[in-house]
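Here the structure comes first, spelled out in structure tokens, and everything after it is commentary.
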There are 2 protein chains.
Amino acid sequence: MVAIEPSKTQRLYLLLKEQILKGVLSPGHRLPSEPQLAAQHRLSRVTIRRALEGLEQDGLIRRQPGAGTFVLDARPRKGVVGDLSNMLAHLVAMGRATRAKLLSFSYQPSTPAVSAALKLAEGERVQHSIRVRYIDDTPFSHLTTYVPERIGVTYSEADLASTPLLTLLERSGVVADRASQTVTATLAGPEIAELLQVEIGSPLLSMTRVVYDDHGRGVEYLSALYRPDLHSFQMEMTRTGIGAERRWSPVSSLTRPGTDTKPLPGRGNPRRPSITPL
Amino acid sequence: MVAIEPSKTQRLYLLLKEQILKGVLSPGHRLPSEPQLAAQHRLSRVTIRRALEGLEQDGLIRRQPGAGTFVLDARPRKGVVGDLSNMLAHLVAMGRATRAKLLSFSYQPSTPAVSAALKLAEGERVQHSIRVRYIDDTPFSHLTTYVPERIGVTYSEADLASTPLLTLLERSGVVADRASQTVTATLAGPEIAELLQVEIGSPLLSMTRVVYDDHGRGVEYLSALYRPDLHSFQMEMTRTGIGAERRWSPVSSLTRPGTDTKPLPGRGNPRRPSITPL
DNA sequence: TGTATTTGTATTAGATATAGAACATTTTGC
DNA sequence: GCAAAATGTTCTATATCTAATACAAATACA
């Protein structure tokens, strides 16, 4: 029995794509010729060409008969470089058109995992919703939320489709006090891939967040998926303390779209951080 | 021209693997029967079986003729649930065996991307290194670093294989003052996959960090890849301010391995945050 | 016990991936 | 202009992937 491996074409395709997007191969750079690539990777020229065709479709390379294959100006529309901690508020402030599509809205008995996270009693019911958020008609996040039923009943289906969940919660008298969020990487399954308009098997940023009120009770469980080509999680840190006690302190910052990783001007002057009210 | 896609077998294999490792399918849980899976995913039973065979080889499932297919005690050695911000120090504190393998060590002319991030002059040279860090003989991170040559010369190859880079830098008189880090998701290419002992095409957490000294000059450019099954990036947040000015403030926290997302006890009492001295 | 369900195994057929080769067309550079 | 080298195109041949089907063996349950 052989280990399950991706096709050779896809292997090469992803490899080259990574290198181009990562900047290892800078724009204007000429790739080795197809026969050379075939020799280097010990693949047939047919396979090489299939991979290059994929890159060409992606607009990452330009192939000129007789001349060669050249890397184009990579990172095409990396337009939105967001901070997961304040993305939505930031986008709205920029006047970008944002809308959410409500895919599911129901009341269910809680699952074990959600119950544990929200500290619910056995069999307690939760309000469950699935949304996809778009920016300029491009899907950029897939949101699955669970809210204890007693809180969930305070807002309607229409509310959820138009208003950020955390706003709804606070409007209902919930006092959000603490949150714990975890960021990981996953793969896009068939449904998610279609909803976020990416290839099946594409990498996705996965964030799980649990929000607690001032009594330590869980009020929201959020599982979010983001397209890494549209968003990344960024944070600024400063060095504080002296001697052996010198450590790094996080400073949540705003990142302007189109602006690359840029440290805060001067020192001190931390921006006011915020969390996405999704 | 068709987009380059992974094989259906591999697609399903990775998808199920993710769900098992992520805990969506808990140990002891019985998977749908092969015909059911075939119907759900609209694949033939042959394909379903190939994917399951891969999972069986990985020791993730048990297949019993006549009975069904069951999820085994997943995350066998999920031991390490780390915080990217202070992972290494934390692991060391726990007495886990950590070692780094130095794969490459050289001085090169800087690439455009690195030059921009570190604010180097045109053509300035950098010290480049690639390392893989292991914990208990399991690879968990792939580290690529660039340091301006004037700083890089202050430590040796042996230093780098044994001592965290940031420690070396500070030993050389560099004053690390600010850092900017970005977290995204990527796919594992052939070499990375082999080094980190994952399948080609598996999702990886990608972190890029730039450290600046007190004069705002870049002193370290780090590109790190982490296995999401072994690590996730976690942060705690608290609500501060009042009224319309009420916002979320990040509180970098320690996560104990084996302990799932758990809010800080009481309120206030923020842990002293730190950054990984990789 | 008997029946339904499940996994294991085998066969057939078609679609696709890959290798290898030949030749045309375009560009580059002498 | 000419030769070399690059991509574009077409073809043959083999191996693998996937679908579809049938049947055997093991298990669960009434």
Side-chain angles (χ1 to χ4, degrees), chain A residues 1-17 20 25 27-72 189-190 193 199-201, chain B residues 1-17 20 25 28-72 189-190 199-201:
Chain A
M1 195 55 43
V2 188
I4 285 104
E5 291 188 353
S7 70
K8 303 183 182 182
T9 301
Q10 209 218 1
R11 218 183 266 177
L12 182 63
Y13 164 73
L14 289 174
L15 180 61
L16 293 175
K17 190 172 185 176
I20 293 175
L25 303 172
H29 185 273
R30 194 187 116 180
L31 292 179
S33 72
E34 294 174 359
Q36 283 176 346
L37 283 173
Q40 288 175 15
H41 295 264
R42 307 200 171 182
L43 299 171
S44 76
R45 199 177 146 218
V46 184
T47 307
I48 302 293
R49 284 185 60 77
R50 282 215 58 188
L52 293 181
E53 281 159 11
L55 295 174
E56 190 176 27
Q57 269 201 321
D58 295 345
L60 293 177
I61 59 173
R62 178 178 54 96
R63 311 170 79 190
Q64 194 164 3
T69 303
F70 303 88
V71 178
L72 286 181
E199 295 287 330
I200 296 174
Chain B
M1 192 59 42
V2 189
I4 285 103
E5 292 187 354
S7 71
K8 304 183 181 184
T9 301
Q10 209 219 359
R11 217 183 265 178
L12 181 64
Y13 165 73
L14 288 176
L15 184 62
L16 292 175
K17 190 171 183 178
I20 293 176
L25 305 172
H29 184 274
R30 194 187 116 180
L31 291 180
S33 72
E34 293 174 0
Q36 282 176 345
L37 283 174
Q40 288 174 16
H41 295 266
R42 308 200 172 183
L43 298 171
S44 77
R45 202 178 145 218
V46 184
T47 307
I48 302 293
R49 283 185 60 77
R50 282 215 60 188
L52 292 181
E53 281 161 8
L55 294 173
E56 190 175 29
Q57 269 201 322
D58 296 345
L60 293 176
I61 59 173
R62 179 178 53 97
R63 311 170 78 190
Q64 194 163 2
T69 303
F70 302 88
V71 178
L72 285 182
E199 295 287 330
I200 296 174

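Every chain is numbered from 1, with letters handed out A, B, ... down the list of sequences.
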Terminal axis angle for the helix from C/dT1-D/dA30 to C/dC30-D/dG1, five pairs an end, nearest 10 degrees: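 That helix has its two terminal axes inclined by roughly 30°.
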
A side-chain contact here means heavy atoms from C-beta on lying under 4.5 Å apart; do [X] and [Y] qualify?
X	Y	value
A/Leu55	A/Thr69	no
B/Gln40	B/Leu37	yes
B/Arg49	B/Arg63	yes
B/Arg11	B/His41	no

Contacts of A/Arg45 that satisfy salt bridge (charged side-chain N to carboxylate O under 4.0 Å, His left out) - sequence neighbours left out: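 Here the qualifying residues are A/Glu34.
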
Spatial distance of atom CG (A/Leu52) from atom CD1 (A/Ile61) [nearest 0.5 Å]: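 Rounded to the nearest 0.5 Å, the CG-CD1 separation comes out at 4.5 Å.
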
Inter-residue atom distance B/Gln36.CD - B/Ser33.OG, 0.5 Å rounding: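 Answer rounded to 0.5 Å: 3.5 Å.
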
Heavy-atom pair of closest approach, residues B/Leu12 and B/Ala51: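 Answer, listing the atom of B/Leu12 first, then B/Ala51: CD2-CB, 3.8 Å.
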
d(CG, B/Leu31; P, C/dT7) in whole Å: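 These atoms are roughly 9 Å apart.
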
Sugar-phosphate only, base, or nothing, as touched by B/Arg62 at under 4.0 Å among non-hydrogen atoms: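 Here B/Arg62 touches no strand at all.
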
Partner set under side-chain contact (heavy atoms from CB on, under 4.5 Å) for A/Arg62, not counting sequence neighbours: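 Residues passing side-chain contact (heavy atoms from CB on, under 4.5 Å) with A/Arg62: A/Gln64, A/Phe70, A/Leu72.
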
Residues in side-chain contact (heavy atoms from CB on, under 4.5 Å) contact with A/Pro65, at least two apart in sequence or another chain: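 A/Pro65 satisfies side-chain contact (heavy atoms from CB on, under 4.5 Å) with no other residue.
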
For chain A, the stretch of DNA chain D it reaches, first to last nucleotide, under 4.0 Å of its heavy atoms: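 Range of nucleotides touched by chain A: D/dA6 to D/dT9.
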
Under 4.0 Å protein heavy-atom contact, by nucleotide of nucleotides 17-30 of chain C - B base, S sugar-phosphate only: SSBB-B---BB---

For DNA chain C, the residues among residues 33-41 of chain A that have a non-hydrogen atom under 4.0 Å from it: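 By residue number: none to list.
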
Listed partners of B/Ser44 passing side-chain hydrogen bond (donor to acceptor under 3.5 Å, both in side chains), at least two apart: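 B/Ser44: side-chain hydrogen bond (donor to acceptor under 3.5 Å, both in side chains) contacts with B/Thr47.
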
